Amino acid sequence: MLDIIERRVRDKKVVTEKLRLLQQQGHTRAPMADARCDLCGECVPVCPASAISTQGDWSVDAGKCLFCGDCLPACPRDAISFSVKVPAVTQRSSFTLFRNVPLPELKVQLRDEARKVLGRSLAIRMVDAGSCNGCEVEVNSLSNPIYDLERFGIKIVASPRHADMLLVTGPVTRNMLPALMKTYRAAPEPRLVVAMGTCAISGGPFGGTYAAGNGVAEALPVDLFIPGCPPHPRTVVLALLEALGRL
Amino acid sequence: MRYYNVELLDSLPFPPFGYEERNGRLHLAVPDDLLRPLVSHLVRKEEGELSNLYYVPSDNKVMALVLVPRHGIVVLESELEGEGYPSLTTEVPAANWYEREMMEMSGITPLDHPDPRPLHLHEWPRHVHPLSPGFDKGAKVPFTGEAHHYRRVEGDGILEVPVGPVHAGVIEPGHFRFSTAGEPILNLEVRLGYVHRGVERSLEGCTLNRALRLVERISGDNGVAHALAFCQAVEMANPVPDRAQLLRCIYAELERIYNHLGDIGGMATDVAFAVPAAEASVLRERMLRLNANLTGHRLLWGSIAIGGAARDLDEGRRDLLEGAMVDLGLTFEPMVDSLLGSPSFLDRVETTGTLALPMAKDLRATGPVARASGWDRDTRRDFPYGAYGRLSFLVPVRREGDVLARLMVKVEEVRESISMVKQCVDHLHEGAIRSEMPLPDGFGLGLVEAPRGELVHCVHFREGNIVRYKVRDPSFCNWPTMERAVLGNIVPDFPLINKSYNLSYAGNDL
């Protein structure tokens, strides 16, 4: 064990990622068509999530998008690329991204009363409401020394009783709905709800069946939506810091 | 016909109604009342393993997949005459969960099943079956309010401890009901299904490309394995380019490495041994970043395509990969040494959560869990697919069956995987990475060694459309074995045992 520590000291290398890097690379990138697109519609049936529309103008719903990139080779004019940054938003509808339309506000802020109570600290309880465990992989990464969420005063706690915020993943399955509601009621006011990942935002690939709903917003009032499938740990850190008004 | 299939046919206690060889597999037609003796014979006398058991409504058939390592793959197809058939569970305990699933999902009754309680559907009406053809996929079924009956232990001083479905750590949801007397656990019942999303029903009628994206998201951290199993099922036995096979092998082993690193670090976390835990999580993060640099996705989703691989490795990425493997080899060993050099760590993991070999075989454990209990099985070696037949690797096996044995199996598998990735990179030469595949028709089988063990996808196609999709994640086999491994241990050791198993809830619940 000592040699691990010794090596770290000798290398004089801090593994923790700088805030600047988080800010530069933290946003999820969604596919977007450029001027070459003539709305031929070839990409629409290819999208496994049915997130693309060519009604009016080319648009993609970043709340449904799986970020798989299947639309890129489908375009005969090579017009689609992962060129648009999608921030975390407070309104589900802000995720519909049109070509040539400026992005929704980058500065999102949570309810004022909540921010006043929380100050510079935030306790998060994570609830998996039917995710594939991809989002859990990334939430686990948040606590590693590289992203080190606790340096910002944000920590993941063991009980909803200690939590200010529920971080919910998954489309909210029928079987998890009662447990999710109980967890929500167990958290003290003012409590915030964050929907993380495509499933939690829109139901995702398995949403809308007999067993799963269409996202967290169907069950609870959601304060913040974090896009991605799954969202990069940087995206999550950045979204939380932005929402708390810490940047 | 292949000689081993002829041998197997000769060994059967009675002749089947019909047999056929398809893609090297032996398909037997069996009347429904002879399914039980036949499966029982294959499992007990031929050391076969029951790897899947499910119902296909369009053919009105119960399908049983039995792998016989000395012989080959046997698919038993049994057309039902009535509403049910004699249950296999009474003679083959491994069939238990399959049959409970079949009862609730398809409405087929295995007669004299010893435990006909629902498995994954909570408070669900008994006469509604999500996989029956008349069921509307989007139907909202109200809760019946019927409470689940747990196995109860009764007597003075018995305490029931309910845990979950929302847990203290960042893990998936599941409910654990412990019965304890003092500290030791007398009984554990695992109740799952909280992440049941209707995967199998959603996959029916999907186009192949959409199905591939869905399949990657069945169990996110095993996305490559699931995608690979699906692609094998679609490809049937059509050839895949050589370079693609090697790439697939690289991606599958990279997935195994980051999964095992997470498990090893998790075990250190669960005994509060912070330095190796932090070190392992840094190594794992480096692997996730390597994945992103190689394929564009941290969890390697989207790297496998039907007919080959979707992401190629150019010269620069090959060097990056080789360098990363050398680096990992150097940094991994001190981390492992620090774990194994600590007597207080060993004190926690030795003889904790022991799964004995006979129990592992009866309940049909798989993957690192089975290998840690002394059962020498690995799909990559026993039923080689892709490039594995050409690689040289060892299958680590331990006999103790405790947390330490599972840890050591995973440690050694990381070493083997590093070597396999290096071998694959050495073999890589120019060539196509994808070939066109004909539209699949009939029965397709995907058989893959996922990081958690043997993964089976059975897909029934009709002219390119999916009519029935059965996924069997390795966790489905291993969950019942964990109920046995914890007996006699204390409740505070349960998180450690659970971590050493690291089973997927999403893959099990579907």
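The chains referred to below are lettered A, B, ... by the order of the sequence lines, with proteins before strands, and numbering in each begins at 1. It should be emphasised that the depicted structure is a prediction, and the values quoted were computed from it without experimental measurement.
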With Asp78(A), which residues qualify under side chain to side chain donor-acceptor pair (under 3.5 Å), at least two apart?
none

If you count every heavy atom of other residues, nucleotides or ligands that lies below 6.0 Å from Lys140(B) atom NZ, does the total exceed 12?
yes

One option among Leu180(A), Asp70(A), Ile156(A) has the most heavy-atom pairs under 4.5 Å with chain B, and it is Asp70(A)

So which part of Pro334(B) gets closer than 4.5 Å to some heavy atom of chain A, the side chain, the backbone, both or neither?
both

Please determine whether a side-chain nitrogen of the Lys or Arg among Arg289(B) and Glu17(A) lies less than 4.0 Å from a carboxylate oxygen of the Asp or Glu.
yes

What are the residues of residues 503-510 of chain B, in order of number, with any heavy atom under 4.5 angstrom from a heavy atom of chain A?
Ser504(B), Ala506(B)

What's the verdict on side-chain contact (heavy atoms from CB on, under 4.5 Å) for Glu216(B) and Leu66(A), showing C-alpha distance, side-chain angles and the deciding distance?
CA-CA 11 Å; Glu216(B) 283 173 344; Leu66(A) 299 178; over 6 Å; no

Can you check whether Met176(A) reaches Pro173(B) side chain to side chain, under 4.5 Å on heavy atoms?
yes

Of Ser141(A), Ala179(A), Pro160(A), Gly207(A), the largest count of non-hydrogen pairs under 4.5 angstrom with chain B goes to Ser141(A)

Atom CZ of Arg161(A): over 12 foreign heavy atoms under 6.0 Å:
no

Report the C-alpha separation of Val137(A) and Arg284(B) in whole Å, then their side-chain angles, then the decisive distance to 0.1 Å, and conclude whether the side-chain contact (heavy atoms from CB on, under 4.5 Å) test is met.
CA-CA 10 Å; Val137(A) 169; Arg284(B) 178 167 185 252; 3.6 Å; yes

Short side-chain to backbone donor-acceptor contact, Asn175(A) and His120(B), under 3.5 Å:
yes

Strictly less than 4.5 Å between heavy atoms, which residues of residues 193-202 of chain B line up against chain A? Please order them by number.
Gly193(B), Tyr194(B), Val195(B), His196(B), Arg197(B), Gly198(B), Val199(B), Arg201(B), Ser202(B)

Contact residues of residues 227-237 of chain A (partner chain B; heavy-atom separation under 4.5 angstrom)
Cys229(A), Pro230(A), His232(A), Pro233(A), Arg234(A)

Identify the two heavy atoms, one from Leu299(B) and one from Gly134(A), that lie closest to each other, and give their separation to 0.1 Å.
CD1-CA, 3.8 Å

Spatial distance of atom CZ (Arg125(A)) from atom NE2 (His167(B)) [nearest 0.5 Å]:
9.5 Å

Sort out for me which of Ser159(A), Ser131(A), Ala129(A) touches chain B most, counting heavy-atom pairs under 4.5 Å.
Ser131(A)

Contact leader toward chain B among Met126(A), Glu136(A), Lys182(A), Arg174(A), where contacts are heavy-atom pairs under 4.5 Å:
Arg174(A)

Counting only N and O atoms by type, is there a donor-acceptor contact under 3.5 Å from the side chain of Asn133(A) to the main-chain atoms of Gly220(B)?
yes

Applying a strict 4.5 Å limit to non-hydrogen atoms, the region of Ile171(B) in contact with chain A is backbone

Which bit of Glu172(B) is near chain A, if near means a heavy-atom gap under 4.5 Å: side chain, backbone, both or neither?
both

Is it the side chain or the backbone of Arg213(B) that comes within 4.5 Å of chain A heavy atoms, both, or neither?
side chain

Pair count under 4.5 Å, heavy atoms only, with chain B: among Cys135(A), Ala211(A), Cys132(A), Gly69(A), highest is Cys132(A)

Considering all heavy atoms, the nearest Leu214(B)-Phe206(A) contact:
O-CZ, 3.3 Å

